[in-house]
Student: 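My questions will all concern the structure given below.
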Amino acid sequence: MSSSYDAIIIGTGQAAPSMAGRLTAAGRKVAVIERGKFGGTCINTGCIPTKTMVASAYAAHMAHRAADFGIQIAGEVIVNMKQVKARKDQISSQSRTGVESYLNSMGNCTVYRGHARFLSHREVQVNSETLAAESIFINVGGRASIPGIAGLEQIEYLTNSSMMEVDFLPRHLVILGGSYIGLEFGQMFRRFGSEVTIVEMGPRLIAREDEDVSAAIREILEREGVDVRLKTQCVRLAKDRDDIIVSLETDGQRSEIRGSHLLVAAGRRPNTDDLDLGKAGVATDARGYILVDDQLRTNIAGIWALGDCNGKGGFTHTSYNDFEIVAANLLKGDSRRVSDRILAYNLYIDPPLGRAGMTERDAWAHSKQTGKQVLVGNWPMTRVGRAKEKGETLGFMKIMVEAEGGRILGAAILGTGGDEVIHSVLDVMYAKSPYTVIQRAMHIHPTVSELIPTMLGELKPLGAPA
Ligand SMILES: Cc1cc2nc3c(=O)[nH]c(=O)nc-3n(C[C@H](O)[C@H](O)[C@H](O)COP(=O)(O)OP(=O)(O)OC[C@H]3O[C@@H](n4cnc5c(N)ncnc54)[C@H](O)[C@@H]3O)c2cc1C
C-alpha cells in the first residue's frame with residue numbers, strides 16, 4: 001500500500017510533536033511514525049523519569065539529615081523502591097499519554113506505529129506501507145552506547161532504559177562512566193541505600209567541565225560514600241553466582257570489585273544505523289550522526305534531521321530548539337540558526353550544576369585567540385546566606401566576562417538552586433548585555449542570585465588553566 005503526504009516525521013522525540021502541530025496548522029498533511037514509546041528518551045527513559053527519581057532520592061537524603069534541622073524522625077527511614085518506581089512511572093506515563101493523544105487527535109495527522117526505513121529520498125517504509133512526501137523530518141534520537149568489554153555480553157547489565165524497570169535496591173551498583181548519566185544515577189542510588197562505585201577511564205569526572213567543577217563534584221559524591229575510581233578502565237566482566245566481577249586496571253595495576261548490578265553509562269549513539277539512510281543518500285559522520293547545516297538541512301534537499309541524531313545538542317531543549325529553528329525557517333520566513341544558541345545545560349546531582357556558555361578553559365582559549373582580556377569571578381556557596389539557611393553550602397559559582405565591553409562569556413553555578421539561577425545569567429547573555437546590567441540590578445533577598453552582583457564586583461584577570 002502507498003500513501004502520499006506533504007511531510008513525514010520519523011520518531012516522536014522532543015522536536016516531532018510540535019513540528020507535526022505546526023505543519024498541520026499550516027495546512028500540511030503529515031504522517032508521524034513511532035516504533036517505540038511516544039515521547040522518546042526524555043519522557044520515557046531520560047530527563048523526566050530520572051529527575052522524578054532524583055526528587056525521591058533528595059527526600060530520602062533530607063529525611064536522613066532531618067536532625068540537622070531540629071527535626072526528629074521516630075524510627076528508621078525506609079526507602080520503598082516499588083513506590084519510588086510507581087511515582088516515576090505515573091509522572092512519565094502522564095507525559096507519554098499526553099504526547100500520544102496530542103498526535104492522535106491532531107487533524108490532518110496520521111500516526112503510524114512501526115519502524116521506519118528509507119526506500120528513497122522521498123519514500124519511507126513502515127510495516128508493509130510505503131509513504132511518500134516532499135519533506136521528511138528525522139527525529140530518531142539515540143540510545144546507550146555499549147563498549148566492547150570482554151565478558152559484557154555474557155552478563156546481565158543495565159542501561160538508562162532498563163534502569164527504569166528497577167523496583168528494588170541493588171546491593172552494590174557498579175557504574176561504568178563518570179559523566180552526566182552515571183553521576184545522576186550514582187548519587188540517586190547511593191541515597192536510596194545502595195553501595196555505589198563509579199568507574200571512569202579519564203583523570204576526572206565529567207571531563208567537559210573545568211577541573212575545579214569536576215573536583216567539587218567528586219567531593220560531593222565521595223562525602224556521601226560513592227566510591228569514585230578515576231583513570232580506571234574496566235577490562236573484563238564475569239558472573240560469579242549473585243555477583244558481577246568487575247576487573248579493573250588503574251595505571252597498569254589490576255584490581256577487582258564485586259558488584260550486584262552493573263549500569264553501563266558510557267555515552268550515547270544515534271539511532272541512525274537501522275534507517276537505511278543510504279537509500280535516501282543522507283550523509284552521516286563516522287559515528288553515525290546525520291550531517292546537517294546551520295538550519296538543520298541534511299545533504300539531501302527536502303530532508304532535515306532534528307534532535308540527538310544530528311549531534312548538535314544532546315539535550316531535550318536543543319531538540320526542541322531544533323524544531324523552533326526548522327519551523328521558523330520553513331513556515332515563518334525567519335532564518336533562525338543553530339549557531340544563534342548559547343550552550344546551556346544542567347547536571348542534576350544535588351546540589352545541581354547549571355552551566356551556560358564557555359568554561360574557564362574555553363574563555364582562556366578565547367582570550368588567547370582574540371587578544372581580549374578575560375576576567376573571572378568566583379564565589380563559594382559557604383558565603384551565600386540562602387545556602388546556609390537551607391543547610392546546603394556545598395559548591396561554588398563562577399563567571400567569565402570580557403574586560404572591555406563586559407560581554408559575559410560563560411558561567412557555572414554548582415550549588416543549591418544552580419539549575420534555575422543559571423538562567424539569570426543566560427538571559428543576559430542572549431540579550432547581549434554587559435555583566436554590569438546584572439551587577440546594577442537590585443536582586444531579591446535572600447537568594448543565591450543576590451550574590452551574583454557581589455561576585456561580579458570582585459572580578460580578577462583570568463589566569464592560565466592548571
Ligand atoms: C538518563 C538520561 C537523562 C537525561 N536527562 C536530561 C536532562 O535532564 N535534560 C536534558 O535536556 N536532556 C536530558 N537527556 C537527554 C534527552 O533525553 C535527549 O536529548 C532528548 O530526549 C532529545 O531526544 P530526541 O528528540 O533527539 O529524540 P528521542 O527523545 O530520543 O526520541 C526519538 C524517538 O524516535 C523513535 N525512533 C527511533 N528510530 C526510529 C525508527 N526507525 N522508526 C520510528 N521511530 C523511531 C524512538 O522510538 C524514540 O521514541 C537525558 C538522557 C538520558 C539518557
Side-chain angles (χ1 to χ4, degrees), residues 8-19 31-55 88 92 95-96 99-100 103 111-118 124-127 131 136-145 158-164 175 177 179-186 188 263-277 280 288-290 292 296 304-324 326 343-349 352-355 419:
I8 297 170
I9 302 177
I10 307 176
T12 62
Q14 296 308 300
S18 306
M19 195 71 221
V32 174
I33 310 168
E34 174 53 59
R35 70 173 179 193
K37 289 183 175 171
F38 283 80
T41 311
C42 172
I43 286 179
N44 298 293
T45 59
C47 336
I48 291 181
T50 54
K51 269 80 258 184
T52 305
M53 291 167 79
V54 162
K88 181 269 294 173
S92 184
S95 297
R96 180 170 56 248
V99 171
E100 190 169 0
L103 287 169
V111 177
Y112 291 85
R113 289 186 145 277
H115 184 107
R117 283 192 170 79
F118 279 93
V124 171
Q125 183 176 2
V126 54
N127 307 321
L131 316 184
I136 302 178
F137 303 91
I138 308 171
N139 182 212
V140 292
R143 62 184 187 274
S145 158
L158 295 157
T159 65
N160 68 290
S161 300
S162 44
M163 279 303 277
M164 296 297 118
I175 301 177
S179 197
Y180 299 84
I181 295 173
L183 300 190
E184 289 182 7
F185 276 118
M188 181 198 304
L263 166 63
V264 178
R268 309 274 301 161
R269 58 176 292 191
N271 290 326
T272 53
D273 50 333
D274 50 9
L275 266 179
D276 283 344
L277 282 175
Y289 289 100
I290 298 173
V292 288
L296 303 163
W304 289 258
L306 300 86
D308 288 10
C309 67
N310 66 26
K312 295 247 175 210
F315 298 101
T316 284
H317 44 280
T318 48
S319 179
Y320 187 78
N321 187 243
D322 284 357
F323 142 68
E324 293 181 313
V326 174
L343 180 73
Y345 52 85
N346 286 334
L347 163 67
Y348 290 91
I349 58 159
L353 169 70
R355 280 272 298 108
D419 51 338

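Note that the coordinates shown come from a computational prediction; the quantities given were computed from them, not determined experimentally. Positions are given from 1, in the same order as the sequence printed here. For the numbers below, each heavy atom of this structure counts, side chains included, while hydrogens, waters and symmetry mates do not. Ligands are counted one by one from 1 in listed order, and the atoms in each one are counted from 1 as well.
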Student: State whether a side-chain donor-acceptor pair under 3.5 Å links Q14 with S319.
Tutor: no
Student: For ligand 1, is R143 a contact, meaning one of its heavy atoms is under 4.0 Å away?
Tutor: no
Student: Test of understanding: given a 4.0 Å heavy-atom threshold, classify the contact between N160 and ligand 1 as side chain, backbone, both, or neither.
Tutor: side chain
Student: Counting non-hydrogen protein atoms only, what is the nearest one to atom 49 (O) of ligand 1? Give residue, atom name and distance.
Tutor: E34 OE1, 2.8 Å
Student: Kindly assign one of parallel, tilted or perpendicular to the pair Y345 and F315, based on the angle between their ring planes and the thresholds 30° and 60°.
Tutor: parallel
Student: Which is it for Y345 and ligand 1 at heavy atoms under 4.0 Å: side chain, backbone, both or neither?
Tutor: neither
Student: With backbone taken as N, CA, C and O and side chain as the heavy atoms from C-beta onward, which portion of E184 lies under 4.0 Å from ligand 1: side chain, backbone, both, or neither?
Tutor: neither
Student: With atoms numbered from 1 as shown, which atoms in ligand 1 lie under 4.0 angstrom from a non-hydrogen atom of T50?
Tutor: 1 (C), 3 (C)
Student: Checking contacts here: is it the side chain or the backbone of S319 that comes within 4.0 Å of ligand 1, counting heavy atoms only? Could be both or neither.
Tutor: side chain
Student: Hey, does the side chain of D419 reach the backbone of P352 with a donor-acceptor pair shorter than 3.5 angstrom?
Tutor: no
Student: Side chain or backbone of N139 under 4.0 Å from ligand 1, or both, or neither, by non-hydrogen atoms?
Tutor: both
Student: Counting from 1, what ligand 1 atoms have a heavy atom of L275 closer than 4.0 Å?
Tutor: 41 (N)
Student: Looking only at protein heavy atoms, identify the closest one to atom 45 (C) of ligand 1 and say how far it is in Å.
Tutor: R35 CG, 3.5 Å
Student: Which residue supplies the protein heavy atom nearest to atom 19 (O) of ligand 1, what is that atom called, and how far is it?
Tutor: D308 OD1, 2.8 Å
Student: Looking at ligand 1, is there an atom of it that comes within less than 4.0 Å of some heavy atom belonging to R268?
Tutor: yes
Student: Tell me whether K37 is salt-bridged to E100, with the criterion being a basic N under 4.0 Å from an acidic carboxylate O.
Tutor: no
